[in-house]
Number of protein chains: 2
Amino acid sequence: MQVKIKDVAKLAGVSVTTVSRVLNGEKYVKDDLKEKVNRAIEELGYAPSQIARSLVRKKTNLIGVIVPDLTSSFYSTILSSIEEVASANDFNLLVCNISEDIDKELKYLTVFQEMRVEGIIIMHEKINEQIRTLIHKIKIPVIFSSVKPMDQKFISVIVDDYQAAYDATQYLIELGHESIGFIGGDMRDITSGQNRYSGYRNAMSESGKKLVYEHIRFGDYKVRSGYDQMHEILSTKNPPTAVFAVSDDMAVGAMNCIRDHHLQVPGDISVMGFDGSQLTELVRPTLTSMEQPIHQMGKVTMDVLLKQIAGDMIPDEDIVLEHRLVARESCQNRKQDF
Amino acid sequence: MQVKIKDVAKLAGVSVTTVSRVLNGEKYVKDDLKEKVNRAIEELGYAPSQIARSLVRKKTNLIGVIVPDLTSSFYSTILSSIEEVASANDFNLLVCNISEDIDKELKYLTVFQEMRVEGIIIMHEKINEQIRTLIHKIKIPVIFSSVKPMDQKFISVIVDDYQAAYDATQYLIELGHESIGFIGGDMRDITSGQNRYSGYRNAMSESGKKLVYEHIRFGDYKVRSGYDQMHEILSTKNPPTAVFAVSDDMAVGAMNCIRDHHLQVPGDISVMGFDGSQLTELVRPTLTSMEQPIHQMGKVTMDVLLKQIAGDMIPDEDIVLEHRLVARESCQNRKQDF
DNA sequence: GTGAAAGCGCTAACAT
DNA sequence: ATGTTAGCGCTTTCAC
């Protein structure tokens, strides 16, 4: 049987109230009593039950986090930043990995509710009607990180995906590429699917480049799909001289595919990624990428959520962080240099 | 104010016991009452408090996990397997990322205790005296995953690091390499530091190869240190024809360094990794690696912990999983072929 | 300064 | 088959 406050009180020869006071660092406890209590705690190896404490205080110090894929370097980096801020503020993370499993998300949302978490962070946007209903009913602060669901009620911490993709494409255009392929994400995703595709399309058309639909394909953000989609693009009659993939993972897959076709990156085909993950510095040639401030994203998400929990005013609009193009080796200037 | 069981009882016109019975799927509740209760629950959007429930049942369904580095693909993959098994058994994960911060571990161990988690998974082995004392005092099942601390009391789920490193080195020897460099881990780590180094050393000496201490260096498992240590090795008079790094990340760093010195992998120098992470398939040339069954490791860890929690008999010895050498492109056969 | 007692939201005897 | 009631381990008035 676990040792409880009563046991400590008995051993110290004081009331439970006094023990509780010492535990919570209140004043109005004489030093000698305080010491007695601390000795008893030490001797019994007593650890106060957060469960009981939560029940009376109506405060759990718990945050629920829903991650689409823990093995992804992008999400796990955000998660680690979230954890850092949470821990510094004495909050604990209840982590759930829902790999495309929408039922699991529903289940976890319910669990979070039952656990009385004080805030919920969601990192994916494929929310169906059932989830939307539940999420609206829950009276717990919810914030989205790195994604923006089609729902005005909740705020997101994101980059301007449209503009970022526009800028990335523009960069390739400025390097002198006429024909630029595109490996997009899931078009059911607004943030990383639709918005990035729109950015690419508009940058192209505003520069008078025509879209070659054979060179436009969609993957699932993972390395494998980048490889496969690149394979399709290379099978066309006139492959593009540059390809923009909306995740670093897909960009790396594309690079590998290009190499397996005995072509050079960036000599024959330039490749641009998106995310600014650890991979960019790790592959050779190093990957030029449209960088999201991944760490900051996690930090800001948690900061805002903590404010929301504290009842402070929080912005009622999305928090848009700066994207930044980091040029590395995978994109080549095609212009004639003098 | 949160809706509670009493509110549901009132609305349904029954006692709280009846509501509780419906909640917990007990029989002995007439169908019409059951329906009334369910309607009330639905109408009020009631979610039973796990906090209160835990208090009386003395069961939290919580597992505490201590990860050394969430951003590492190795640990996050184990974590995702753990999560999968936990979730399937209705356990929730309290996740803590301690990046070399031993104080944070101490703090979290205390938090876990206070949260009354039912089991603790630890994925690193740098435990100091203070932590050892605490961990022994806690009456919660503890299991180590992928590491083995110097402590007989707890079991670990691991591979045979000594044998795995031995086999990896042996493989390079069999490929005809006479001079094999080594990029080890932290020698304070038993599992991945000392044991792997011993495996390398013994494989070398048993084959009559002499150890060249200039070619033996130690890093921190990360890409950067692999690069830096390889740089040192390449600065010696007669660099080896093969290098064995005890993490895939360091192996990739080494490969990049070799390339930056205008040498070929594996033409000039072969590189062998350790872990079998996603990276192996992603870099070019693909990385030959001594594979740990990462997913299985997480699964088995959680399986055993659940048994332990259930009070079942569990093995009193470490659970050693099979390692497996996966040959890819980064190691070359130096023998004369006819 | 310190303690007695009520109560947080639920479950589980026990009674009916 | 349903309800009454006593706790689970703690905090927090309130009284002394």
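Fair warning: this is a prediction, and the values are worked out from it, not measured in the lab. In what follows, chains carry the letters A, B, and so on, assigned in the order in which the sequence lines appear, proteins first and then strands, with residues in each chain numbered from 1.
Between A:I5 atom CD1 and C:dA5 atom P the separation is 16 Å, expressed in whole Å. Atom CG in A:N24 sits about 9 Å away from atom C1' in D:dC10, given to the nearest Å. Distance, A:L23 CG to D:dG9 P: 15 Å, rounded to whole Å. C:dT11 atom P lies 15 Å from atom NZ of B:K4, rounded to whole Å. Spacing between atom CG of B:D7 and atom P of C:dC8 amounts to 11 Å, rounded to whole angstrom units. B:Q50 places its CD atom 15 Å from the C1' atom of D:dC8, with the value rounded to the nearest Å. Here C:dG9 presents its C1' atom at 15 Å from CD of A:Q113, a figure rounded to the nearest Å. Atom P of nucleotide C:dC10 and atom CD1 of A:I51 are separated by 14 Å, given to the nearest angstrom.
If you check distances only, the side chain of B:R21 does reach the base of D:dG3 with a donor-acceptor pair under 3.5 Å.
Residue B:S49 has no polar side-chain atom (N or O) positioned under 4.0 Å from OP1 or OP2 of C:dC10. A sub-4.0 Å separation between OP1 or OP2 of D:dG9 and a side-chain N or O of B:K58 is present. Between A:S15 and the phosphate of C:dT2, there is no side-chain N or O to OP1/OP2 separation shorter than 4.0 Å.
Contacts between residues 28-36 of chain A and DNA chain C, counted as heavy-atom distances below 4.0 Å, involve A:Y28, A:V29, A:K30, A:L33.
Taking five base pairs at each end of the helix from C:dG1-D:dC16 to C:dT16-D:dA1 and finding the rotation axis that steps the C1' atoms of four pairs onto the next four gives two axes whose angle is 40°, to the nearest 10°.
When the nearest nucleotides of DNA chain D are assigned to B:R57 and B:T17 by heavy-atom distance, the more 5′-ward of the two goes with B:T17.
Contact check on A:E118 versus A:K59 returns a salt bridge, with a Lys/Arg side-chain nitrogen under 4.0 Å from an Asp/Glu carboxylate oxygen. Looking at A:R188 and A:D186, a side-chain N of the basic residue comes within less than 4.0 Å of a carboxylate O on the acidic one, giving a salt bridge.
Ring geometry, B:F154 versus B:F144: the interplanar angle falls from 30° to 60°, so the pair is classed tilted.
At a threshold of 4.0 angstrom between heavy atoms, the contacts of A:S20 include nucleobase atoms, whether or not backbone atoms are also involved.
For the residue pair B:S146 / B:Q292, no side-chain donor-acceptor distance below 3.5 Å is found, with atom types taken as modelled. For the 3.5 Å distance criterion, the side chains of A:D69 and A:T71 qualify, holding a donor opposite an acceptor. Side-chain contact of B:T17 with B:S20: a donor-acceptor pair under 3.5 Å is absent, judged by distance alone.
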Report task. Kindly determine whether A:I127 and A:E105 satisfy side chain to side chain contact (heavy atoms under 4.5 Å, CB included), including the steps that lead there. Result -> CA-CA 9 Å; A:I127 49 178; A:E105 171 162 18; 4.1 Å; yes
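With B:L94 as the fixed residue, the side-chain contact (heavy atoms from CB on, under 4.5 Å) test singles out one of A:L93, A:V95, A:L94: A:L94.
Looking only at side-chain heavy atoms (C-beta outward), B:Q50 and A:T60 stay at 4.5 Å or farther from each other. Looking only at side-chain heavy atoms (C-beta outward), B:V147 and B:D189 stay at 4.5 Å or farther from each other.
With distances taken from any side-chain atom of A:A52 to the nucleotides D:dC10, D:dT2, C:dC10, the minimum falls on D:dC10.
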